[in-house]
Amino acid sequence: MFLLYEYDIFWAFLIISIFIPILAFTISGFLAPINKGPEKLSSYESGIEPMGDAWLQFQIRYYMFALVFVVFDVETVFLYPWAMSFDVLGISVFVEALIFVLILIVGLVYAWRKGALEWS
């Protein structure tokens, strides 16, 4: 039988974690001064008056490089627990991890051939 009272501490933490940010925003809304003027509405660039247009286009290779980094960073997060318990899990989990790494290597080779990793 599923007993809800086992999750009382979970519900208490969930309610508290929802209530604290709402309370913080409410209190800051009441206490914060409301001063709208040209200084408040201007963009801030290290204390210097902004010059030119703020909308700049970045090259797509920066995003591609960041995306490849995130993929392999997440791969490390997934493989670390597997490596720590390698002796307990057995050969079937080794084959699954090998397939996972091979799929990521295929993706890396694809990105490399498309030129996503080149800076020039």
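In this text, all values refer to a predicted model and were calculated from it rather than measured experimentally.
- Linking Ile, Leu, Val, Met, Phe, Trp and Tyr whenever their side-chain heavy atoms come within less than 4.5 Å puts I18 and W11 in one cluster.
- Of the inter-residue distances, the one linking F100 atom CZ with I105 atom CD1 reads 11.0 Å to the nearest 0.5 angstrom.
- Sparse packing is recorded around CZ of F78, with 12 or fewer heavy atoms of other residues, nucleotides or ligands lying under 6.0 Å away.
- If you chain together ILVMFWY residues whose side-chain heavy atoms come under 4.5 Å of each other, L102 ends up grouped with L98.
- Annotation: ring pair (Phe, Tyr, Trp, His ring centres under 6.0 Å) contacts of F69 (sequence neighbours excluded): none.
- For the residue pair T26 and I22, the shortest heavy atom distance occurs at OG1-O, 2.7 Å.
- Taken together through direct or relayed side-chain contacts under 4.5 Å among Ile, Leu, Val, Met, Phe, Trp and Tyr, V109 and V68 form part of one hydrophobic cluster.
- The distance from the CD1 atom of I15 to the CD1 atom of I20 is 12.0 Å, given to the nearest 0.5 Å.
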**Study point:** L104/F72 under side chain to side chain contact (heavy atoms under 4.5 Å, CB included): CA gap, chis, key distance, verdict
**Key:** CA-CA 8 Å; L104 288 172; F72 284 99; 4.1 Å; yes
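- There is no path of hydrophobic side-chain contacts, each under 4.5 Å, that joins L108 to L67.
- With sequence neighbours left out, the ring pair (Phe, Tyr, Trp, His ring centres under 6.0 Å) criterion links W82 to F86.
- Cluster membership check: L31 shares its hydrophobic cluster with L23, using side-chain heavy-atom separations under 4.5 Å among Ile, Leu, Val, Met, Phe, Trp and Tyr.
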